[in-house]
Amino acid sequence: MNANEDRDHQQTQESDQPQFRYDAAMAQTIEERWQQRWDKEGTFWAANTKGDLTDAHGDHAGGRSPYFVIDMFPYPSGKGLHVGHPLGYIATDVVSRYHRMKGENVLHAMGYDAFGLPAEQYAVQTGQHPRVTTEQNIANMRWQLHRLGLSFDDRRSFATIDTDYVRWTQWIFSRIYESWYDPDYRRSDGGTGSARPIGELVEAFKSGSRPIPGHPGASWEELDEAERSGVLNDFRLAYISRSPVNWCPGLGTVLANEEVTAEGRSERGNYPVYQRELKQWSMRITAYGHRLLEDLDILDWPEKVKLMQRNWIGESHGASVDFTVPSPDGNQTMEVYTTRPDTLFGATFAVVSPEHDLLQHLPKEWPEDVPEQWKGGYANPTEGVQAYRRAAEAKTAKDRVDEGGAKTGLFTGLYAVNPITGAKLPIFTADYVLMDYGTGAIMAVPGGDQRDYDFAVKYGLPVVYTVSPLADSGQTLDDYRGKAPFVSHDGIVVNSSVQATHAAGDQLSLDGLRVDQAIEKVTAWLESAGVGHGTVSYRLRDWLFSRQRYWGEPFPVVYDDQGLPHLLPDDQLPVALPDVPDYSPKTFDPEDAQSSPEAPLSRNQDWVNVTLDLGDGPKVYHRDTNTMPNWAGSCWYYMRYIDPKDDRHMVDPEEYDYWLGPKHNATAGESGGVDLYVGGVEHAVLHLLYARFWHKVLYDLGYVSSKEPFHKLFNQGMIQAYAYTDQRGQYVPAAEVEEHEEGGKVSYTWQGQPVNREFGKMGKSLKNIITPDDMYRTYGADTFRLYEMSMGPLDESRPWNTRNVVGGMRFLQRLWRNVVDEQTGEVVLDEGEPDQKTLKLLNTTIHDVTVEMEAMRPNTAIARMIVLNNHLTGLNPTPRAAIEPLVLMLSPIAPHICEELWSRLGHKESLAHAQWPTWDDRYLGEDTVTAVVQIKGKVRGKLQVSPDIAPDQLEAMALALPAVQERLGGKEPRKVIVKAPKIVSVVPA
RNA sequence: GCCCCGGUGGCGAAAUGGUAUACGCAUCGGACUUAAAAUCCGCCGCCUUCACCGGCUUGUGGGUUCGAUUCCCACCCGGGGCACCA
């Protein structure tokens with residue numbers, strides 16, 4: 001069979017080429033042949049423990065160790081791939097193939113994240129239904145990846161838009177909706193706090209063992225349906241709320257905090273985002289804040305990503321303090337959150353956010369003797385606060401940043417009473433205090449906080465310092481007075497003492513204590529006086545979960561004529577997307593903050609209004625017209641690879657235990673989960689935080705047995721590229737640019753005109769795209785894979801340079817020639833024992849390559865293999881005992897050529913499951929080693945010695961060297977350090 | 001502003017306390033060829049020198065050490081993350 005194809009191949013060749021040379025055309029023939037054979041034989045099928053999914057021999061997993069390795073699955077965007085995209089896919093493929101050769105049962109598959117904005121926008125551009133364009137794009141992408149020779153188990157592939165899959169995404173939503181978080185629940189893993197079925201909460205309300213919030217004294221039976229629905233909504237992990245959300249008129253949808261940039265613009269499209277109060281779905285991710293934080297410790301993730309998640313969760317420890325606020329409607333309580341309760345004596349005013357409830361209790365008139373500046377020119381507090389709130393609402397986060405931290409604010413006419421000192425603090429409202437962090441109210445301590453200080457200076461408020469620099473810092477408070485706040489945890493509390501406290505409590509003094517001691521003391525005092533308690537606060541917000549989009553999963557929820565939500569029963573899933581006259585989102589003038597979202601699904605009234613029997617007879621309901629964000633599908637897809645066709649479970653629990661359960665193999669550790677997950681660092685908080693949250697809910701509810709979804713995370717670097725601009729700043733085609741060198745100076749021209757080189761991304765608009773297809777045409781997939789793996793460390797970004805690709809091609813050609821005669825196509829080998837030098841190099845290479853592969857450093861593994869191959873090139877004929885291990889070791893990186901050579905070496909079976917070569921320790925040692933003789937750290941001589949030379953003998957030999965004698969000038973050395981057999985370091989007198 | 005990562009030949013990069021520059025690219029020289037391409041062999045950090053010898057060299061300056069690309073301190077440059085979070 002090979003001979004025939006070779007003859008076909010050689011007819012297409014230039015006549016003066018050797019007929020059996022490994023070139024691009026030969027590579028293509030070989031690659032396509034092996035790809036077909038792998039497909040036909042099911043070479044990469046992974047075996048489940050039972051059921052239809054067996055390996056190629058029809059066997060189940062048996063005692064084989066599982067290894068689960070996947071990439072972050074792609075959006076099939078329609079733009080096609082450039083050479084940067086497959087880097088991670090090649091890396092996971094190399095790892096997969098390596099582990100297969102170690103005898104493990106490797107699950108390696110690829111799915112498609114096909115809902116969401118990019119797919120929808122592409123469909124809108126092309127005027128076709130998103131399903132049509134998305135499926136075309138998936139087919140195209142599948143082909144492009146197939147051509148790379150990736151070793152996926154294709155039976156396990158699926159897309160998030162598949163009906164089977166949407167059903168289970170909606171099923172998970174239903175489980176989350178039907179759950180609440182019980183912070184006191186003792187989990188079987190020893191932890192505290194768990195998602196529990198909402199039914200348990202209802203039972204507690206019914207039995208009276210738990211009071212019903214908002215309905216003191218009432219029994220569950222006394223509440224009407226709307227009241228019950230409202231109470232449960234406040235506990236559900238998926239809930240509906242009317243609250244300020246990120247509204248993006250330019251995109252026509254609301255967005256999660258994670259999808260909004262620091263400039264207050266949408267991450268996609270870069271449109272302004274406004275805070276609007278709207279009724280939307282949210283997920284109670286904040287309930288999991290602490291567990292999401294602490295379980296980072298059991299993950300094998302890059303520290304950088306852990307740090308980003310820690311910062312995003314933003315757990316801080318402090319105290320909540322109650323201030324009494326006299327108002328026209330009677331005394332109100334203002335709860336503030338502070339991380340520095342030790343500075344209570346330094347509070348000179350208070351600030352509430354513009355949305356704070358306290359602002360509903362304003363006095364009718366300004367109090368007397370209030371500075372005009374505090375009133376902002378308004379006739380009374382009500383008018384002023386209304387105007388200030390409107391102004392704040394209209395501002396984007398970008399506007400606030402542009403103000404550069406400048407503080408604006410307005411006096412409310414109210415005063416808060418300091419619970420310790422009884423001092424009356426004027427209350428302001430200002431937009432630098434955020435409603436959704438802490439309690440939306442702060443005590444302002446201008447002596448210890450930069451923002452409060454700025455505000456105090458602007459409005460003429462007093463500054464009191466209550467912490468003094470440590471004596472050994474060389475600073476005193478006088479260095480700060482009138483200039484700046486003293487913001488530090490390292491200090492001694494001063495000026496913080498009262499004989500009789502205002503609230504019920506003993507006299508209190510914090511003076512002389514260190515800050516941490518003072519925090520402890522004052523917190524205890526607050527608790528005993530009943531005016532506060534220690535508490536924890538999070539930067540993390542609940543996850544806004546609805547979008548006004550067509551191309552997403554519909555919610556499995558309908559509303560009755562009272563507007564109360566009802567969950568659809570599982571047997572009515574999936575809720576399919578309806579056809580609508582127009583699936584594009586209704587967008588607005590990006591600056592139109594007052595516009596309101598309109599969901600495309602609301603355009604099909606036949607779909608929206610349905611008659612259903614939800615247990616109490618047929619009734620008319622209205623469907624929820626929102627869709628889920630595209631993160632929903634990516635939150636759980638990894639576990640669906642276990643069996644995407646399973647119609648009885650989201651995932652079979654036994655199969656889950658085998659593949660992803662805790663300690664399912666040697667590397668998974670306590671967390672369990674995917675053994676290796678590779679993707680870009682851009683998902684450090686978004687996808688990876690949402691997926692961990694869903695996973696933990698499913699874990700609490702008993703559907704999965706591991707605490708975490710992804711045990712080991714690896715972020716591949718970006719492939720960057722050069723781009724060239726002409727004099728007018730226009731990009732010119734990078735492929736046509738010529739490089740010139742003159743007198744050591746490098747310059748670039750395009751069509752004779754000088755151009756400038758810049759460095760950055762690869763992109764169509766930069767005219768520097770290079771596609772995998774370009775590489776297949778010129779070199780073949782194996783050379784392309786080899787180049788991407790040899791460019792440098794996998795986790796670092798580096799520039800693409802097509803000129804360098806040829807090095808990999810030459811390596812493969814030399815390897816080929818070491819097996820196949822280029823002229824005759826014959827395989828002639830030395831079947832005898834290789835010489836000692838070859839055996840030594842072979843064994844050290846096997847050892848080194850194994851170490852490098854384990855550490856995911858294919859670049860250095862390749863360097864070792866090139867050294868071995870270059871050595872074998874000098875032997876003629878090549879020893880079989882050396883070339884076979886080399887072919888096996890290279891096969892994860894360049895699988896097609898290695899399969900071809902393996903077959904020409906006489907093996908019938910694919911090498912995909914051949915055993916990874918092992919080394920013999922006897923060949924690792926050297927007969928002689930080079931010992932280096934240093935004088936004051938500089939190399940002055942070298943000695944060839946036995947590896948087990950005695951230190952005394954080595955020292956004597958070193959000191960006898962003429963170069964050493966000369967430099968010692970006849971004197972005894974002051975010191976000689978001998979590290980036999982490598983180093984002798986001589987220190988002259 | 002705060003936090004994190006990085007800086008080594010002409011270029012991509014090796015080496016994590018012990019011979020700095022493995023491996024690859026480019027350049028240059030040689031073999032083969034009528035010639036070119038391809039292929040093979042060789043040189044290849046900088047300065048000085050015909051050459052040997054010698055000196056210098058891992059962003060800059062300092063420190064620890066017999067010995068530092070590697071550890072410590074300060075600074076410069078590049079990249080990334082967060083940014084009124086009380």
Side-chain angles (χ1 to χ4, degrees), chain A residues 14 16-18 21 23 262-263 302-305 307-308 310-312 314-316 318 336-340 343 351 397 400-401 403-407 430-434 436-445 448-452 454-455 537-541 681-682 684-685 718 720 739 741 744-746 786-787 790-793 795-808 810-811 813-814 817 822 857 859-867 870 873-874 930-942 973-979 982-988:
Chain A
E14 298 294 323
D16 52 356
Q17 274 255 17
R21 167 162 296 175
D23 59 10
E263 284 81 38
E303 270 311 312
K304 178 190 157 113
V305 175
L307 192 67
M308 282 165 72
R310 285 191 189 106
N311 289 339
W312 190 265
E315 182 175 283
S316 81
V336 307
Y337 174 73
T338 176
T339 55
R340 293 293 300 276
T343 61
V351 187
R400 297 179 192 207
V401 170
E403 287 163 10
K407 302 285 175 291
D431 62 8
Y432 82 89
V433 173
L434 311 173
D436 53 1
Y437 183 78
T439 60
I442 62 160
M443 63 176 203
V445 183
D449 184 283
Q450 187 65 50
R451 294 153 303 178
D452 296 345
D454 295 344
F455 196 88
S537 194
Y538 294 90
R539 209 189 81 105
L540 181 70
R541 310 293 153 78
V681 73
E682 66 271 18
V685 282
M718 261 209 309
Q720 296 168 302
E739 185 179 314
E741 200 185 325
K745 272 197 151 185
V746 180
L786 183 66
Y787 174 62
S790 66
M791 292 168 80
D795 53 354
E796 277 174 33
S797 296
R798 60 249 120 128
W800 176 269
N801 199 340
T802 302
R803 197 166 69 171
N804 291 356
V805 178
V806 70
R810 286 181 193 148
F811 168 43
Q813 283 178 334
R814 278 197 293 271
R817 261 200 307 274
E822 282 191 338
R857 287 192 296 255
N859 54 325
T860 45
I862 291 166
R864 302 281 187 280
M865 290 190 272
I866 291 175
V867 171
N870 287 349
T873 303
T930 307
V932 174
V933 182
Q934 295 180 336
I935 297 173
K936 290 182 78 178
K938 296 231 177 284
V939 179
R940 296 300 175 188
K942 294 174 186 176
R974 187 158 64 87
K975 200 171 173 185
V976 180
I977 295 115
V978 182
K979 290 274 160 82
K982 295 291 288 181
I983 292 279
V984 179
S985 188
V986 181
V987 188

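All chains are named by letter (A, B, ...) in the order of the sequence lines, taking the proteins before the strands, and each is independently numbered beginning at 1.
Once rounded to the nearest 0.5 Å, the distance linking CG of A/Asp449 with OG1 of A/Thr339 reads 8.5 Å. Atom CZ of residue A/Arg864 and atom CG of residue A/Asn859 lie 9.5 Å apart, to the nearest 0.5 angstrom. Of the inter-residue distances, the one linking A/Arg940 atom CZ with A/Ser985 atom OG reads 11.5 Å to the nearest 0.5 angstrom. The structure places OH of A/Tyr437 at 9.5 Å from CZ of A/Arg539, a figure rounded to the nearest 0.5 Å.
Picking from B/A26, B/C84, B/U19 the nucleotide with the shortest atom distance to the side chain of A/Gln934 gives B/U19. The side chain of A/Val867 sits closest to B/C23 out of B/A86, B/G18, B/C23. Nearest nucleotide to the A/Arg539 side chain, out of B/C82, B/A26, B/C66: B/C82. When the nucleotides B/A13, B/G18, B/A86 are ranked by their closest atom to the side chain of A/Lys979, B/G18 comes out on top. Among the nucleotides B/G18, B/C25, B/A86, the one closest to any side-chain atom of A/Ser985 is B/G18. Side-chain atoms of A/Thr860 lie closest to B/A15 of the nucleotides B/A13, B/A15, B/G18.
Residue contacts for A/Asn859: at a heavy-atom cut-off of 4.0 Å it reaches the sugar-phosphate backbone alone, with no base atom in range. Using a 4.0 Å heavy-atom cutoff across all strands shown, A/Leu307 reaches sugar-phosphate atoms only and no base atom. Residue-level contact check: A/Arg798 touches the backbone only, with heavy atoms under 4.0 Å from sugar-phosphate atoms and none from bases. Nucleic acid contact for A/Val939: sugar-phosphate only, since backbone atoms but no base atoms lie under 4.0 Å from a heavy atom of the residue.
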Legend entry - Bracket string, RNA chain B, 5' to 3' - pairs by Watson-Crick or G-U geometry under 3.5 Å, | interstrand: (((((((..(((.....[....)))..((((.......))))..(((......)))..(((((..]....))))))))))))....
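Atom C1' of nucleotide B/G10 and atom CZ of A/Arg803 are separated by 9 Å, given to the nearest angstrom. Rounded to whole Å, the distance from CG on A/Asn311 to P on B/A83 is 9 Å. Regarding A/Arg857, its CZ atom lies at a distance of 11 Å from the C1' atom of B/A15, rounded to whole Å. The separation between A/Ile442 atom CD1 and B/A86 atom P is 11 Å, rounded to whole Å. If you take CG of A/Leu434 and C1' of B/A86, they are 9 Å apart, rounded to a whole angstrom. Atoms CG (A/Asn804) and P (B/G12) sit 9 Å apart, rounded to a whole Å. Rounded to whole Å, atom P of B/C66 lies 7 Å from atom CZ of A/Arg974. Rounded to a whole Å, the OH atom of A/Tyr538 is 17 Å from the C1' atom of B/A86.
The shortest side-chain heavy-atom distance between A/Val305 and A/Val681 falls under the 4.5 Å cut-off.
Atom name P, nucleotides B/G17 and B/A13: the rounded distance is 22 Å, in whole Å. Taking atom P on both B/C56 and B/A68, the two are 13 Å apart, rounded to the nearest angstrom. Rounded to a whole angstrom, the distance from the P atom of B/U21 to that of B/A26 is 22 Å. Rounded to whole Å, the P atom of B/G24 lies 11 Å from the corresponding atom of B/G42. Comparing the same atom, P, in B/C25 and in B/U39 gives a spacing of 10 Å after rounding to whole Å. For the P atoms, the distance from B/G10 to B/U60 is 14 Å, rounded to whole Å.
Mapping A/Ser790 and A/Leu540 onto RNA chain B by nearest heavy atom places A/Ser790 at the nucleotide closer to the 5' end. Nucleotides of RNA chain B nearest to A/Glu796 and A/Lys975 differ in position, and the one nearer the 5' end is that of A/Glu796.
Annotation: cation-pi geometry satisfied between A/Lys407 and A/Tyr432 (NZ/CZ under 6.0 angstrom from ring centroid, within 45° of ring axis).
Under the rule for a side-chain hydrogen bond (donor to acceptor under 3.5 Å, both in side chains), the partners of A/Arg817 that lie at least two apart in sequence or sit in another chain are A/Glu822. Every residue meeting the salt bridge (Lys or Arg N to Asp or Glu O under 4.0 Å) condition with A/Arg310, not counting sequence neighbours, appears here in chain and number order: A/Asp297, A/Glu303. Residues meeting the side-chain hydrogen bond (donor to acceptor under 3.5 Å, both in side chains) test with A/Asp436, sequence neighbours left out: A/Arg541. Residues that satisfy the side chain to side chain contact (heavy atoms under 4.5 Å, CB included) test with A/Ser790, not counting sequence neighbours, are A/Tyr787, A/Ile862.
Look at A/Arg864 and you won't find any side-chain N or O under 4.0 angstrom from OP1 or OP2 of B/A14. A/Tyr337 has no side-chain polar atom (N or O) that falls below the 4.0 Å cut-off from OP1 or OP2 of B/A86.
Under the 90° criterion around 0 for the glycosidic angle, B/G62 counts as anti.
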Where do N or O atoms of nucleotides 38-44 of chain B meet protein N or O atoms at under 3.5 Å, pair by pair?
unit_1 : atom_1 : unit_2   : atom_2 : d
B/A38  : O2'    : A/Arg21  : NH1    : 2.6
B/U39  : O3'    : A/Arg817 : NH2    : 3.1
B/C40  : OP1    : A/Arg817 : NH2    : 2.9

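The only option from A/Asp452, A/Val433, A/Asp431 that meets the side-chain contact (heavy atoms from CB on, under 4.5 Å) definition with A/Val351 turns out to be A/Val433.
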